[in-house]
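Just below is one structure, and these are the notes that go with it.
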Amino acid sequence: MEYLVRVARVTDIDRIVALSDDPVQMDRGESPLGVADLMRQLVYLPQASIVVAESQRVVVGGAILALRPSVRAGGYVGTIDLLVVDPAHDADRITEALLEELVRSASNKGCTVVEAERPADDAVLGRWQRMGFGEAGPRISRTVAAAGSAARRTI
């Protein structure tokens, strides 16, 4: 089965929320925004990237990358805030495709590091490690050559 990874549209948000029902039901305190409303805003922000994987025009996975500046990191740090996959599809292939696109996006936006919360499941952690992520305290991270940097020109 072929999977197409593309930038998310506002119309994709409800499907991403449906796929991510458990992971995003966190205590948001007094936030006036629901999860879907926040994601819809992120679609338009340059400090975020939302990508989806689709098969036969159905969204089967999604991921969110949020950027923050970091003096310590020497540029921007991209945080993978959410990565979800439809359990009826190939989690390895979809995760790999989504991560590849997020890392490319992070590099193009000037990130020097991409980080994510460390997965509790060892099988999921292994999937991320195969994509170049490694232990970094309570998180996992991957070094990225920012677009225009000397390190990127040598790759």
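Bear in mind the structure is a predicted one, so any value in this text is a computation, not a measurement. Quick note: residue numbers are just sequence positions, from 1.
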Shortest non-hydrogen separation from [X] to [Y] and the atoms involved:
X: Val7; Y: Asp12; result: O-OD2, 4.5 Å
X: Leu98; Y: Gly61; result: CD1-C, 4.0 Å
X: Leu67; Y: Gly78; result: CD2-CA, 3.9 Å
X: Glu117; Y: Arg139; result: N-NH2, 3.8 Å

[X], [Y]: one ILVMFWY side-chain cluster at the under-4.5 Å cut-off?
X: Val103; Y: Tyr3; value: yes
X: Val5; Y: Leu65; value: yes
X: Leu99; Y: Val113; value: no

Rounded distance [0.5 Å steps], CD in Glu100 versus OG1 in Thr95:
12.5 Å
Distance from Asp81 atom CG to Ile64 atom CD1, nearest 0.5 Å?
6.0 Å
For residues 55-65, which residue pairs pass the salt bridge (charged side-chain N to carboxylate O under 4.0 Å, His left out) check, not counting sequence neighbours?
none
Identify each donor-acceptor pair in which a side-chain atom of residues 42-54 lies under 3.5 Å from a protein atom, sequence neighbours left out, and give them as a table.
unit_1: Ser49; atom_1: OG; unit_2: Ser105; atom_2: OG; d: 2.7
unit_1: Ser49; atom_1: OG; unit_2: Lys109; atom_2: NZ; d: 3.0
unit_1: Glu54; atom_1: OE1; unit_2: Arg6; atom_2: NE; d: 3.1
unit_1: Glu54; atom_1: OE1; unit_2: Arg6; atom_2: NH2; d: 3.0

Are Thr112 and Val144 close enough that some pair of their side-chain heavy atoms sits under 4.5 Å apart?
no
Check step by step if side chain to side chain contact (heavy atoms under 4.5 Å, CB included) holds for Val60 and Ile94.
CA-CA 8 Å; Val60 295; Ile94 295 170; 3.6 Å; yes
Checking Arg130 now: which residues fulfil side chain to side chain contact (heavy atoms under 4.5 Å, CB included) with it, not counting sequence neighbours?
Asp92, Arg127
Set of residues satisfying side chain to side chain contact (heavy atoms under 4.5 Å, CB included) with respect to Ala36, sequence neighbours excluded
Ile13, Asp14, Val17, Arg40
Who pairs with [X] by side chain to side chain donor-acceptor pair (under 3.5 Å), at least two apart in sequence or on another chain?
X: Glu96; answer: none
X: Arg68; answer: Glu115
X: Asp86; answer: Arg15

Can you check whether Ala145's main-chain N or O pairs, donor with acceptor, with Ser107's side chain at less than 3.5 Å?
yes
State whether the side chain of Ser141 and the backbone N or O of Ala136 hold a donor-acceptor pair below 3.5 Å, judged by distance alone.
no
Where at least one partner belongs to residues 115-136, residue pairs that pass ring pair (Phe, Tyr, Trp, His ring centres under 6.0 Å), sequence neighbours excluded
Trp128-Phe133
Only pairs at least two apart or in different chains count here, so list each ring pair (Phe, Tyr, Trp, His ring centres under 6.0 Å) that has a residue in residues 51-77.
none
Glu135 meets the salt bridge (Lys or Arg N to Asp or Glu O under 4.0 Å) criterion, sequence neighbours left out, with Arg118
Full working for side chain to side chain contact (heavy atoms under 4.5 Å, CB included) between Val114 and Thr79:
CA-CA 6 Å; Val114 175; Thr79 301; over 6 Å; no
Would Val10 and Met39 satisfy side chain to side chain contact (heavy atoms under 4.5 Å, CB included), going step by step from the backbone distance to the final call?
CA-CA 8 Å; Val10 171; Met39 284 187 198; over 6 Å; no
Between Val77 and Cys111, is the side chain to side chain contact (heavy atoms under 4.5 Å, CB included) condition met? List the steps.
CA-CA 5 Å; Val77 173; Cys111 290; over 6 Å; no
